[in-house]
Amino acid sequence: MKPYTCNEYREEMVLVGLRRRLADPFLDPTEKAKLEKEIKKLEAQMGMD
């Protein structure tokens, strides 16, 4: 089992924050699309795709 690094923790916390912002019911559609793109990019970087 490989050790869990600070960078991995940071990436997870960024992802949680992005998902929390995406859940905002008053989010502008443009901002929503931007967040979805950022989430997909981060998930791919983390090997979650």
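Looking at residues two or more places apart in sequence or on another chain, you find no salt bridge (charged side-chain N to carboxylate O under 4.0 Å, His left out) involving Glu11. Taking the side chain to side chain donor-acceptor pair (under 3.5 Å) definition, one finds that Tyr9 meets it with nothing, sequence neighbours left out. With sequence neighbours left out, Glu43 forms a salt bridge (charged side-chain N to carboxylate O under 4.0 Å, His left out) with Arg19.
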Distance-only criterion, 3.5 Å: show the donor-acceptor pairs between side-chain atoms of residues 30-41 and protein atoms not counting sequence neighbours.
unit_1, atom_1, unit_2, atom_2, d
Thr30, OG1, Asp28, OD1, 3.3
Glu31, OE2, Arg21, NH2, 2.8

Handout entry: side-chain contact (heavy atoms from CB on, under 4.5 Å) between Glu8 and Met46, worked out
Key = CA-CA 8 Å; Glu8 291 169 329; Met46 294 170 67; over 6 Å; no

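Taking 4.5 Å as the limit, every side-chain heavy atom of Leu42 sits out of range of all side-chain heavy atoms of Met48.
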